[in-house]
Amino acid sequence: MVKLPVLKPIDGSAGRTADWRTVKPKFIQDKCTKCLSCWLFCPDIAISMSENVNDGFPVFDDDYCKGCSICAEVCPRDAIEMVPDVGE
Ligand code: SF4
Ligand code: SF4
């Protein structure tokens, strides 16, 4: 597997982006081919992929995902579904 750069999101002036999210990604692992598109296009660095974590499948950062749906739009396998974020 290709080694990917590791970046970390930080709080912005409005706090953590997840604080104003209304929808969030639901990952459907059976459909995922680890193509990296969601990782590449997420504008908030809220997706990480590492061969050492989750068997190389994407991991979504619940603190910094802002629910923009870009990952779901770019996924060629429909492996990401946006669902209402009802909080914890
Ligand atoms: S919904 Fe937007 S911010 Fe959240 S993981 Fe997908 S692309 Fe990133
Ligand atoms: S874009 Fe879809 S298929 Fe590609 S790694 Fe992300 S979830 Fe998996």
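When a ligand or atom number is given, it counts from 1 through the structure's own listing order.
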With a 4.5 Å cut-off on side-chain heavy-atom distances among I, L, V, M, F, W and Y, is there a chain of contacts connecting [X] to [Y]?
X     : Y     : result
Val83 : Ile28 : no
Leu36 : Val59 : no
Tyr64 : Val53 : no

Which of the atoms of ligand 1 are close to [X], meaning less than 4.0 Å from one of its heavy atoms?
X     : value
Lys66 : 3 (S), 4 (Fe)
Ile47 : 5 (S)
Gly67 : 1 (S), 4 (Fe)

Donor-acceptor contact below 3.5 Å, side chain [X] vs main chain [Y]:
X     : Y     : result
Lys34 : Asp55 : yes
Asp44 : Ala46 : no
Arg21 : Asp62 : yes

How far is [atom] from its nearest protein heavy atom, and which residue and atom name does that atom have?
atom                    : answer
atom 8 (Fe) of ligand 2 : Cys32 SG, 2.3 Å
atom 2 (Fe) of ligand 1 : Cys68 SG, 2.3 Å
atom 6 (Fe) of ligand 2 : Cys38 SG, 2.3 Å
atom 3 (S) of ligand 2  : Thr33 N, 3.5 Å
atom 4 (Fe) of ligand 2 : Cys35 SG, 2.3 Å

**Message:** Please classify the Lys34 to ligand 2 contact at 4.0 Å (heavy-atom distances, strictly less than): side chain, backbone, both or neither.
**Reply:** backbone

**Item:** Region of Phe27 engaging ligand 2 - heavy atom pairs below 4.0 Å
**Value:**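 The answer is the side chain.
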
**Asked** N/O/S atom of Cys71 under 2.8 Å from atom 6 (Fe) of ligand 2, yes or no?
**Response**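 Looking at Cys71, which is the residue asked about, there is no N, O or S atom under 2.8 Å from atom 6 (Fe) of ligand 2.
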
Check each atom of ligand 2 against the heavy atoms of [X] and keep those under 4.0 Å away; list them by number with element.
X     : value
Leu36 : 4 (Fe), 5 (S)
Ile80 : 7 (S)
Ser37 : 1 (S)

Hey, does [Y] have a side-chain heavy atom less than 4.5 Å from the side chain of [X]?
X     : Y     : result
Phe57 : Met49 : no
Cys75 : Ser37 : no
Val23 : Asp85 : no

**Request:** Report the part of Pro43 in contact with ligand 1, treating N, CA, C, O as backbone and CB onward as side chain, heavy atoms under 4.0 Å; options are side chain, backbone, both, neither.
**Result:** side chain

**Request:** Check whether NZ of the Lys or CZ of the Arg Lys24 lies under 6.0 Å from the centre of the six-membered ring of Phe60 and within 45 degrees of that ring's axis.
**Result:**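 Checked: cation-pi criterion not met.
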
